Amino acid sequence: MDSEDDMHDANDVESVDDGFYSGETAMDSDDGDAADYDFIDNDSDDSDDPISHRSQQNYTILNEDDIHLRQEDNIKKISSILSISNNAAAILLRHYNWSVSKVNDEWFANEEKVRRIVGLLEEPRALPSGKELTCGICFDVYPCDSMSSAACGHPFCVTCWQGYISTAINDGPGCLMLRCPDPSCSAAIGQDMIIALASHDDREKYERYFLRSFVEDNRKTKWCPAPGCDYAVDFIVGGGTFDVNCRCSYSFCWNCTEEAHRPVDCDTVSKWIRKNSAESENMNWILANSKPCPKCKRPIEKNQGCMHITCTPPCKFEFCWLCLGAWSDHGERTGGFYACNRYDAAKKEGAYDDTEKRREMAKNSLERYTHFYERWATNQSSRQKALADLQQMQNIHLEKLSDKQCQPESQLKFITEAWLQIVECRRVLKWTYAYGYYLPAHEHAKRQLFEYLQGEAESGLERLHQCAEKELSGYLNIDGPSKDFNEFRMKLAGLTSVTRNYFENLVRALENGLSDVDAHGGTSRTGGSRGLGAGSSKSRGGSSSSRNKGTAPTARSRNIDDSGHWSCEYCTFANAKSATVCQMCQQLRS
Amino acid sequence: MGSPSQASLLLQKQLKDLCKHPVDGFSAGLVDESNLFEWSVTIIGPPDTLYDGGFFNAIMTFPQNYPNSPPTVRFTSEVWHPNVYTDGKVCISILHPPGDDPNGYELASERWTPVHTVESIVLSIISMLSSPNDESPANVEAAKEWRERREEFKKKVGRCVRKSQEVM
């Protein structure tokens with residue numbers, strides 16, 4: 001949203017936000033804007049400055065009228081710069097995916113070539129002279145005035161034109177690039193001609209394609225991917241994050257158009273989504289819990305105790321689950337049906353090792369995946385629930401609470417704020433589980449830090465959620481005002497703020513790739529510039545030295561880490577204490 | 001154009017024209033006198049090509065919205081050719097419905113446009129017989145043979161030509 005005004009008509013969530021700036025609560029600051037408060041880089045103390053919020057806003061939400069306006073604007077711009085008709089400008093822009101600068105560049109580089117490619121004739125030709133003309137399609141002869149042509153002058157009768165245009169429009173968006181029906185001619189057919197000749201319904205379709213093309217073929221715009229949402233987003237790539245909060249209240253990632261997933265990157269998200277939907281998990285399950293029938297190779301799950309397996313018809317092969325050998329071999333020679341010593345022997349020889357190992361690994365990997373998936377999915381549904389609760393709170397409960405507790409609704413903003421925080425945190429937390437799944441197992445320090453930050457954030461969020469959900473309902477269901485309502489206000493607002501800090505730490509840490517614990521972490525720049533939350537939360541709970549290393553911004557830690565190594569200013573190589581010259585780049589120790 | 005009656009008027013006119021002024025290289029008529037939308041065409045294998053001397057029969061089926069959509073053409077004689085499916089269906093770009101190529105990759109001169117007539121279509125097919133396009137083959141086997149084992153390809157085509165003569 002580029003301005004507060006834009007948001008007024010948006011929806012409940014947002015309109016409540018507007019009030020935040022006026023309604024002072026026990027809270028300290030300006031976090032009314034749910035859209036970005038989690039992500040504002042609060043590393044300095046000027047986070048109260050609304051300008052810093054604005055600068056984060058690198059997109060504009062467009063409704064249909066806005067799109068029309070921008071499209072017309074671009075067309076007018078091109079038409080006046082190149083001194084061509086609006087029709088020709090529209091054809092050019094459509095051909096170069098609505099990029100004004102591209103059209104300019106190409107046109108001024110080689111106008112003739114552009115004209116040829118796009119089908120814009122320099123000098124329009126009139127219909128051939130003569131009282132009567134033959135239509136090139138139906139071969140009937142018509143008086144001159146009931147014929148028309150594109151700029152090329154190839155004459156066709158109006159009926160044939162109408163058929164041609166209507167067929168093209170009903171064949172799809174290709175109608176935006178329509179050319180003269182004469183195969184030897186590539187003259188483009190302008191919008192005016194199509195609008196004039198198409199039927200009412202076809203015209204509407206055409207105009208729809210024309211509008212859609214402006215959004216879909218334009219690299220700077222996309223439709224909001226939420227089902228049923230008609231807003232488009234104009235995005236300026238380059239600054240800040242990819243997160244977009246549409247006016248329909250859906251937030252998504254501009255880059256991959258999945259749901260917003262900051263601080264986790266798009267690759268991880270797409271890998272995760274693919275993994276969730278992929279057959280691969282089924283395969284892992286089959287691998288872990290079944291064996292193929294040795295004869296027909298269909299996978300069999302053993303769900304009963306006996307080792308004597310009989311495959312289902314038509315195979316009906318009888319075999320031993322342990323050694324996969326035919327059951328007929330398991331008579332006296334093996335010494336009893338349920339003691340398959342051939343298995344032990346073969347296993348010693350290593351014959352089954354590979355398959356066993358694979359099965360074991362698959363089982364482990366499945367368990368690991370299930371761990372992360374469960375938490376990802378639970379936070380997802382938890383967020384959905386919180387969203388619903390937030391709606392209900394705004395639509396019903398706030399008013400009721402205001403009556404019961406004799407508080408003006410403006411004094412109850414802290415509740416909405418808490419819920420907005422919960423919704424946002426659930427989203428972040430959810431994606432950190434995808435992140436955690438792909439965090440390499442051997443990066444112990446990173447994993448430790450990640451799990452610590454995630455744990456802090458999660459337990460903070462649980463306290464907040466619990467308080468907003470359970471304790472609040474107590475105040476809703478009693479008859480008169482409660483004395484301790486102010487205490488509750490303090491508590492919930494406090495939890496909201498604490499949780500926000502935890503999540504800010506988590507987001508920041510993930511966004512810089514957990515670099516606080518890098519091998520030569522002493523020089524980590526992000527560690528040094530830490531503001532409020534980071535230091536405090538870590539020193540509160542942090543005990544491991546690897547954690548403290550990056551976060552205590554003392555002079556010593558800038559260049560020398562705990563073990564006495566000093567880190568080269570130029571190449572960051574960690575040198576022994578005794579060295580005066582960097583062993584890596586030969587720079588003098590500063 | 002577009003309504004069935006106009007499609008039939010146009011087909012009627014073309015039929016009359018072709019009767020009055022036959023074109024070298026093929027002959028055309030209706031499969032059934034009462035149905036203007038199904039034509040039977042006999043294409044004479046173009047001289048100085050592998051198909052020389054053959055008489056290849058094909059059926060042209062026109063849609064109700066001809067000429068805004070193209071007809072389909074199917075050889076009933078056996079034709080071994082990279083751009084003819086094994087069931088005889090002819091695959092050339094001017095016969096692709098206009099909507100098949102919304103991005104305009106095919107050149108304007110290669111797309112279907114309502115300007116095409118029975119005559120221009122058949123002439124395109126004749127030119128296809130003399131110069132196959134093996135970049136987007138309908139019959140992959142034939143295309144591979146045409147590229148890599150020309151002798152075998154020639155033999156197969158020769159067999160098709162002889163078969164088509166026997167039927168006559």
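Keep in mind that the numbers below use all heavy atoms, side chains included, and drop hydrogens, waters and symmetry copies. Residue numbers begin at 1 in each chain, while the letters A, B, ... track the order of the sequences. It should be emphasised that the depicted structure is a prediction, and the values quoted were computed from it without experimental measurement.
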Which is it for A:F139 and B:T117 under the side-chain contact (heavy atoms from CB on, under 4.5 Å) test, yes or no, and what are the steps along the way? CA-CA 10 Å; A:F139 303 114; B:T117 59; 3.5 Å; yes

Minimum heavy-atom separation for B:K13 and A:C138, please, with both atom names. NZ-O, 3.4 Å

Counting only heavy atoms not in B:R149 (residues, nucleotides, ligands), do more than 12 fall under 6.0 Å from its CZ? yes

State whether the number of non-hydrogen atoms from other residues, nucleotides or ligands found under 6.0 Å of B:Q14 atom CD is greater than 12. yes

Tell me whether A:K222 at atom NZ has more than 12 heavy atoms from other residues, nucleotides or ligands lying less than 6.0 Å away. yes

Counting heavy atoms not belonging to B:E148, are there more than 12 under 6.0 Å from its CD? yes

How about CG on B:D48, more than 12 heavy atoms from neighbouring residues, nucleotides or ligands closer than 6.0 Å, or not? no

In this structure, OG1 of B:T113 is separated from CD1 of A:I137 (nearest 0.5 Å) by 6.5 Å

Would you compute the distance between atom CG of B:L10 and atom SG of A:C160 and round it to the nearest 0.5 angstrom? 7.5 Å

On a heavy-atom basis, which atom in A:T167 and which in B:S69 lie closest, and how many Å separate them? CG2-OG, 4.2 Å

Answer with side chain, backbone, both or neither: which region of A:N170 has an atom nearer than 4.5 Å to a non-hydrogen atom of chain B? neither

